[in-house]
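Reviewing the structure listed below.
For the numbers below, each heavy atom of this structure counts, side chains included, while hydrogens, waters and symmetry mates do not. Letters go in sequence order (proteins before strands), and every chain restarts at 1.
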Amino acid sequence: MAEDKENRYDPAEIEKKWQECWAADPKLYAAETTSSNKPKYYVLEMLPYPSGQLHMGHVRNYAIGDALARQMWMRGYNVLHPMGWDAFGLPAENAALKNNMPPREWTLGNIAAMKRQMLRLGLGYDWATEITTCLPDYYRWNQWFFLRMAEKGLVYRKKSKVNWCPECATVLANEQVIDGCCWRHEDTKVEQRDLEQWFLRITAYAEELLDGLDKLEGWPEKVRTMQRNWIGRSEGTEVDFFLEEQGTGNRDQGSEKQRIRVFTTRVDTIFGATSVQLAPAHPLVAAFCAADPDLKMKVAGLLEEQKKAREAGDVGAIEKHGVPTGRFAMNPYNGARVPIWVANYILMDYGTGAIMSVPAHDERDFEFAAKYGIEVRRVIRPAFETEDPEALPFLSEDGVLVNSGEYDGLTCGEAQMRLQEAAERGKFGNAAVTYRLKDWGVSRQRYWGTPIPMIHCERNGLVPVPDEQLPVILPEQIEITQQGGSPLGRVPEFVNTTCPKCGGPARRETDTMDTFVDSSWYFYRYTDAKNAKAPFDPATAQYWFPINQYIGGVEHAILHLIYSRFWTKMMRDLGLVKNDEPARRLFTQGMVIKDGAKMSKSKGNVVSPDDMVARYGADATRMYALFAAPPDRDLDWQEDGVAGVSRFLGRVWRLVTKYAPVVHGEGTGFSPYAQSQKATEALAPEGTASGLSASLRRKLHQTIAKITQDFEGRWHFNTCVAAIMELVNELQDADAQLASGEIPAPVVRELLTNLVLLLAPFAPFIAAELWDQLGGEGVILRAPWPKSDPELAKEDEIEIPVQINGKLIAVVRVPSGSDAKAIEAAALADEKVRSRTVGKNVVKVIVVPGRAVNLVVK
RNA sequence: GCGGAAGUGGUGAAAUGGCAAACACACCAGCCUUAGGAGCUGGCGCCCAAAAGGCUUGCGGGUUCAAGUCCCGCCUUCCGCACCA
């Protein structure tokens, strides 16, 4: 194709033109009302933290979502495709310290910058529903929900050990501690501190959060597994060992204090319990220590070891240590007297903080007992003879009880049931379920977050802020310092208030909420973003929910995605929504890496989206992000690849602009509906017409079918782009025939307009411009998605590989639809096949019509 | 240790159990030129001087007429969980 200087593909110019055009039409990407007669489709990408700069991970995430949204618009859906800002959080305070700039100003400036980047990328969001979580019209509803949850008993305050990041000078949720370090500061060890904290009772929904995972078929199995592990449901038994009265050997059942409750999943092994192990932080340990200074010292050592291990994120590798307390406990089933120990590997915040130790049937107990010479008593005999009956510890539940009194001979499963029943009858235990999931600590001793709407009154204690006083506004004039504690505590105008109950002087709560609160329900707010009376209108939410397709990074598999599920269930129980789950389908895209490593400033391998867009345009950048790898896999960013996509778009540009006049000859303002028909008529006089026309149309209709299918299922957008490239390659190979007019104008129109339509979800700028140049009707975003005609897509002749004994020998061409007999005949007639079968015995011929032929020859 | 995903040319990758390497990138050769980060043509898994031919999807087995794909065992990498009683 000859190069025409005036007609070079100039993404900068095209994209500027269309960005302005789209900005002038704010309704373009707006959803219709809930009374629309189109089917609804809610596509959502995770909202970004406004750091001030989009990174390539964002670009990839949004390119996927935008392609889907655009295709759904073209398919005639009522599409909701919103965007917002997860705008609270620590970086704003750090920036304030560094640049002496108020967090609000810094944040809003960043939002403006990132919004500009998004517009430059041509992402189709309805900005009328934009939400910014750090503004009072949003965060007031965090407060409102907090109060509703408090009314439901889902909020409580508790002094507890918390993860403290010295760098952030604040508390972290368990989910924010990664390998013992802060999730934001990879090198900062998290410390343990005791503080009064606000908690949300997510564990009230533990069972439902777990059960619901089975129904989330549209979620990746990986995410569901991670959530299952995180919730960590464990079925077992709680049993009370009775504390022996000191020095007497008598068992004392007098009061609750005199019992030690343990949790076990293997109550069937209880006759093998030869000690009881307490967590160093167990309350009973403190009682023992009070009377025993020596013990106190040793326990302090254990506690320190545990704390260190926990801070190192290395609890699993701690060397097991313990100290005997000198006290004894009685097994409630048989009165067996066992020593009570304190051990560094027993955790106070799991189960009851105490265990029964059964060395014969638990690896850890076995190791501990071996170290300290504690008795090992076998109580389970293997059920299978393949097991060595003497080998210990024996961990399997395939066994039969021995040395267990009246329970001897029972299987482990039967024994567990019988022992539980006995415990309940004797009121010394019960069946119990324990979760690894902890309640959600939402308190943060920081400034830049939602103020917790509570008031401390000397007379009335904790008093919720009445609804009519919401929002509790975050003061804007504030000095951010590096001192510990909440900065809000140093703002008297904020702290000093009056008690809503008695009108007396009172203090406001100065903790703010974890920012995961903001993102737990933001997608509901999009449906009714301007509502000043409620977080959203339930009827509108019911129309849009559940989200049809949620797209984001897998790094949120447990944090955000479990909190959001909890929040939806909580709102359902408040009567606000009817759906049990927020999103029907979830897609987690892979990371964007460079040279095999995650992009990071420290590695110096960060590629800036702005650079890419400036050099190659938004279309090429986005399309490369979709082309370079399937969306669920990691993507290695290679700039040469972006250049390649840009060159491809240049070929499309030249091809379409070169033959646009042919299309114009057919009139403008067309609707693509009639195209196939018209093209078919154009070919009709000659019957089969030009073979090239037919084969180009075949390729087109195959491509349409492939891409349409992929949007519905596989989401392999990389192969969609490749398919468009193949189509363009074929068109380019037909350049001479296109130029000579050999291809009828209606066919040219069909080919080019559909090519542009297929390109629209992936490269919206060039598609919009070429649509215009072809004289397409209306905006391409509302043009109907192409429909593949199976008749036209069908091959006349297909190639069938012929194998002999599984090895490829020849390829024969047969008319498509040939039956097995015809294919077999064609295969046997092939010269190469004949030369190899002559004089030999063809034992068997396998013909898979349309697929292959295999001859078994001896 | 447990669970999950992945392993295919120089690179990114493609392949409902049926012609391995589509589509690109890089590279090589050539053409064109208004000298551009342009365009066009051809080549490009490995072995063999070439052809013919042979070999090839981490390794080893198996199922099957037929295996990158299914099954078993192993190795490597990445991710998640990890004294959870």
| said: Within the 4.0 Å limit for protein heavy atoms, which parts of nucleotides 52-68 of chain B are touched? Write it as a string from 5' to 3', B for base, S for sugar-phosphate only, - for none. | reply: ---S---------BS--
| Reading nucleotides 4-15 of chain B 5' to 3', which nucleotides get B (base under 4.0 Å from a protein heavy atom), which S (sugar-phosphate only), which -? | -------SBSSS
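Remark: A:Arg228 is not in phosphate contact with B:G3, judged by side-chain N or O atoms under 4.0 Å from OP1 or OP2. Taking only side-chain nitrogens and oxygens, A:Asn729 never comes nearer than 4.0 Å to OP1 or OP2 of B:A22. Contact between the side-chain N/O atoms of A:Arg647 and the OP1/OP2 oxygens of B:A26 is found at a separation under 4.0 Å. The phosphate of B:A85 has neither OP1 nor OP2 within less than 4.0 Å of any side-chain N or O from A:Ser357.
The stretch residues 261-270 of chain A touches RNA chain B through A:Phe263, A:Thr264, A:Thr265, each having a heavy atom within less than 4.0 Å of the strand.
Base orientation for B:G9: syn, the chi torsion being within 90° of 0.
Out of B:G37, B:A24, B:C19, the shortest distance to the side chain of A:Tyr616 is found at B:G37. Nearest nucleotide to the side chain of A:Gln732, out of B:A20, B:A85, B:C40: B:C40. Closest to the A:Ser234 side chain, of the nucleotides B:C81, B:A85, B:A20, is B:A85.
Between A:Glu726 and A:Lys706 there is no salt bridge, since none of the side-chain N atoms of the basic residue sits less than 4.0 Å from a carboxylate O of the acidic one. A:Arg266 and A:Asp268 are joined by a salt bridge, as a carboxylate oxygen and a charged side-chain nitrogen come within less than 4.0 angstrom of each other.
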| task | Go through the steps for A:Arg224 and A:Asp214 under the test salt bridge (Lys or Arg N to Asp or Glu O under 4.0 Å), then give the verdict. | result | CA-CA 8 Å; A:Arg224 295 197 280 170; A:Asp214 295 334; 5.6 Å; no
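Among the atoms of the strands shown, base atoms are found under 4.0 Å from some heavy atom of A:Ile346. Residue A:Gly644 is classed as a sugar-phosphate contact, given heavy-atom separations below 4.0 Å to backbone atoms only. Using a 4.0 Å heavy-atom distance criterion, A:Glu363 is classed as making no nucleic acid contact. Nucleic acid contact for A:Asp640: sugar-phosphate only, since backbone atoms but no base atoms lie under 4.0 Å from a heavy atom of the residue.
Taking atom P in both B:C47 and B:U57, one finds a spacing of 16 Å when rounded to whole Å. Annotation: B:A67 and B:U8 have their C1' atoms spaced 14 Å apart (nearest Å).
Taking the centre of each ring, A:Phe627 and A:Phe648 stay at or above the 6.0 Å mark. Side-chain rings of A:Phe717 and A:Tyr624 stay apart, their centers remaining 6.0 Å or farther from each other.
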